Amino acid sequence: MKQYASEKIRNVVLIGHNGSGKTSLAEACLYVSGALSRQGRVEDENTVCDYEPEETKRRFSISLALAPVEWKGVKINLVDTPGSPDFEGEAIAGLYAADLAVFVVSATDGPQVQTRYYWKIAKEMGIPAMCFVNKLDKERASIYETSEVLRDTFGGDVLAVQGQIGREENLEGLYDNFSKKAFLYKNGSFRAEPSDSHLPEDQDVEAARISLVEAVAETDEALLDTYLETGDLDIKSFSEGMAKAIMSRQILPVLGGCATRPLGVDLFLDFIAEFGPSPLEHKIIRGTKSSDSDQEVQLDASPEGPFVARIFKTIADPFVGKLSVFRIVSGGIKGDSVVWNTTSGHEEKLHQVFALRGKEHIEVEALSMGDIAAVAKLTNTKTGDTLASKGLHLVLSPMRLPDPVFSLAVAPKSKGDEDKLSQGLHRLSEEDPTLRIHHNPETRQLILSGLGDTHLNATLEKLKRKFGVEVETSLPKVSYRETITKPARAEGKHKKQTGGHGQFGVAVIEIEPLPRDSGFEFVDQIVGGAIPKGFIPAVEKGIREAMERGFFAGYPLVDIRATLVDGKHHPVDSNELSFKMAGSLALQAALPDAGVVLLEPIMDLEVIVPDDKVGDVQGDLNAKRGKILSTEPAEAGFTLITAKVPEAELLRYSADLRSLTGGQGRFSMKFSHYEEVPSHIAERIKAEARGS
């Protein structure tokens, strides 16, 4: 693939709800442009972008994929993204690579929940946008009606750039609202034939044209003056105005078609090539001096400037090795270049650089500012890192990806696979930064966290396929704690005589509860040498070890003050081990009289739900022993609910909320504090812990 100048590059992310046809649109663009001799179908499991077995099995995307298209002297880097909320990290990563977000919307379903969510994120990121209304050959499908729904949903100037000729199975083509020219698709052709006739009689084409021209004119003062003077805009003025209005997000242009036929795809590519923003629109790059610095650094982006790139995707390949996919934000690059990872502080050699088309590697010798490519085997580089010319101290702002909301405990099915499991999950977490892996020392479980059950199931399928590791899964154990509610006193005596020197130590302690989250305090009140000072630390160590073992249900004891008040020793038989055992025995003897109770972790929960689902969600949280703190308006049509809920009730909350809200609810949670478990629940937990 040849090198393209920056002004001839368009980076476009296809984004939207699951099933809207993003992958089909990418496939159609490849076919119409001549990159493919035959158009694949998601149903036939043979598309370029859905090539992973986990995707073909499910028949929807789970990873972002690249589909570079060469169209009329312009290189359009299409980034196909998943629409499922379980894989939204991939879609958001795609936004970081793009200069234009194309929201693919099904004409029969309109803008669904994930489309609205991604619209909000793209708006926050300042990414220009347009819309492609897909499936216009379906029943009741209409560009104009969908545009009205988009306008109600997103607000602002949503403009139908095209209208359709015919409906449903009689869909013949499209017409351009500005030129009033018809484009017909005859005899199964995927290239439109211009026509001055065939404009639909049932639609007011002139009114649509006036609305379009007025909206473009109103985005620029000079254009508005021209329009008011002449009553119209010429092609050059309209084109310049449209491009600027898209870049400034003043309008959302709407095009349409049917990706599977493919109808309207050539006009879609024409529009992107003519009006889509190029990488040159990015004038300034902002970042920090280093990954742990808040000192802002600013750089003028330029094709001739220093090289700066962001790694926005990593692919774990057990045969090729790690593939790092990057987008150049300044300067250019050639193969075999040496660059600096400013995030990790390591030098990296870019050996062979290549473009990706699905799983195909296409060799490229050089790349311009704005282009997207991949390189293999970067040793100290991960997703989100910045690569730059040596000597340039600039770290791009970190990618903001969603935090995990669902976890599983995982263990290898085969003994001896512990290392393979750890290494495989580490490689997959490099590929997908929304995965988290940690070992819980209290429950002795390896915890895998992600964005939902489908996300984790697909990850474990990859683990088996790529790294040969099968696992057993379960819900994570909750990290309960134990504490005491009243003071108690007891003696611990350790005496052992086996011939020769024996073991002897006596410790008398008083225990009392401390305020929550105070931890453990040890107080030495020994007087008169009842216990030699050298043995007192051993008593404390014995108490601490006994606290780790717990009493009520085997969970660690917390928030206790233990005071050593008396003891006895033997001049020959006493040693550190004797007093460690005495301390442990003293605590165990005191606990039955100390009112031991069970504590559970309480989470701060924030839930955003549609207004009409607030009652259902609040009722569910109450049933989960939650305490609702507040409800307040969020974005239009949604309410924010804040609550404190026991962690034990939230282990499957991602599935529960999805069921309650039809997939429209979102939530985040973080640890708040520990709180006493109700006695009837505590008894059940105690019985389970003791296996009865």
Side-chain angles (χ1 to χ4, degrees), residues 14 16-29 31-32 39 41-43 83 102-112 115-116 130-154 157-213 215 251-272:
L14 304 178
H17 197 84
N18 212 30
S20 59
K22 301 178 296 297
T23 298
S24 296
L25 180 57
E27 187 79 6
C29 289
Y31 174 57
V32 169
Q39 182 176 353
R41 289 163 42 91
V42 172
E43 295 80 1
V102 174
F103 288 86
V104 182
V105 175
S106 166
T108 56
D109 300 318
Q112 295 169 275
T115 306
R116 297 197 293 269
M130 61 175 287
C131 184
F132 182 83
V133 178
N134 196 19
K135 305 181 183 181
L136 281 181
D137 59 340
K138 302 299 182 183
E139 186 178 358
R140 300 186 305 278
S142 165
I143 288 182
Y144 284 123
E145 291 174 11
T146 305
S147 296
E148 288 297 324
V149 178
L150 288 165
R151 187 175 295 111
D152 293 340
T153 304
F154 299 146
D157 277 327
V158 177
L159 301 173
V161 175
Q162 296 171 336
Q164 64 202 77
I165 302 170
R167 287 290 187 105
E168 301 170 11
E169 68 272 10
N170 296 318
L171 182 66
E172 296 179 71
L174 302 160
Y175 64 89
D176 180 85
N177 275 333
F178 178 74
S179 67
K180 294 194 294 185
K181 187 177 289 294
F183 296 91
L184 304 178
Y185 295 84
K186 298 180 179 179
N187 302 319
S189 172
F190 55 80
R191 296 287 181 92
E193 296 182 15
S195 172
D196 291 326
S197 58
H198 289 86
L199 291 179
E201 297 179 358
D202 61 338
Q203 296 179 35
D204 192 340
V205 178
E206 183 58 34
R209 183 185 190 279
I210 292 172
S211 297
L212 180 63
V213 172
I251 63 173
L252 178 71
V254 180
L255 281 72
C258 177
T260 55
R261 284 182 56 171
L263 185 151
V265 175
D266 55 337
L267 302 180
F268 168 72
L269 291 172
D270 283 345
F271 189 88
I272 290 174

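What you are looking at is a predicted structure, and each value in this text was computed from that prediction instead of being measured. These values consider heavy atoms only, across backbone and side chains, with no hydrogens, waters or symmetry-generated copies.
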Between CG on residue D270 and CZ on residue F268, distance to nearest 0.5 Å: 11.0 Å
Residue pair Y144 / A208: nearest heavy atoms and the distance that separates them: OH-CB, 3.3 Å
Heavy-atom side-chain contact between V265 and F190 under 4.5 Å: no
For S142 against Q164, the heavy-atom pair lying closest together: CA-OE1, 3.2 Å
Under 3.5 Å donor-acceptor, D266 side chain and V32 backbone: no
Flag side-chain contact, heavy atom, 4.5 Å: P111 against V149: yes
Derivation of the side chain to side chain contact (heavy atoms under 4.5 Å, CB included) call for L14 and V102: CA-CA 5 Å; L14 304 178; V102 174; 3.9 Å; yes
Inter-residue atom distance T146.OG1 - N134.CG, 0.5 Å rounding: 10.5 Å
Between CD1 on residue I210 and CZ on residue F178, distance to nearest 0.5 Å: 12.5 Å
Heavy-atom pair of closest approach, residues L269 and C29: CD2-SG, 3.7 Å
Minimum side-chain heavy-atom gap R261-L171 below 4.5 Å: yes
Heavy-atom side-chain contact between S20 and V105 under 4.5 Å: no
For K138, salt bridge (Lys or Arg N to Asp or Glu O under 4.0 Å) partners two or more places apart: none
Short side-chain to backbone donor-acceptor contact, S24 and A259, under 3.5 Å: no
Note, T108 side chain near R140 side chain (heavy atom, < 4.5 Å): no
Pairwise side-chain contact, T115 with F154, heavy-atom cut-off 4.5 Å (strictly under): yes
Donor-acceptor under 3.5 Å (Y185 side chain, L174 main chain): no
Distance (rounded to the nearest 0.5 Å) between D157 CG and R151 CZ: 7.5 Å
Sole candidate of P194, S189, S195 that passes side-chain contact (heavy atoms from CB on, under 4.5 Å) when paired with L184: S195
Nearest heavy atoms of S147 and V158, plus distance in Å: O-CG1, 3.7 Å
Intermediate values then yes/no, salt bridge (charged side-chain N to carboxylate O under 4.0 Å, His left out), E206 and K180: CA-CA 8 Å; E206 183 58 34; K180 294 194 294 185; 2.7 Å; yes
Non-hydrogen atoms of C131 and L252 that approach each other most closely: N-CD1, 4.2 Å
Heavy-atom closest contact (A107 atom, L136 atom, distance): CB-CD2, 4.0 Å
Spatial distance of atom CG (L159) from atom CE (M130) [nearest 0.5 Å]: 11.5 Å
Q162 (side chain) donor-acceptor with V254 (main chain) under 3.5 angstrom: no
pair D176-F183: side-chain heavy atoms closer than 4.5 Å: yes
From K22 atom NZ to S106 atom OG, the distance as rounded to the nearest 0.5 Å: 10.5 Å
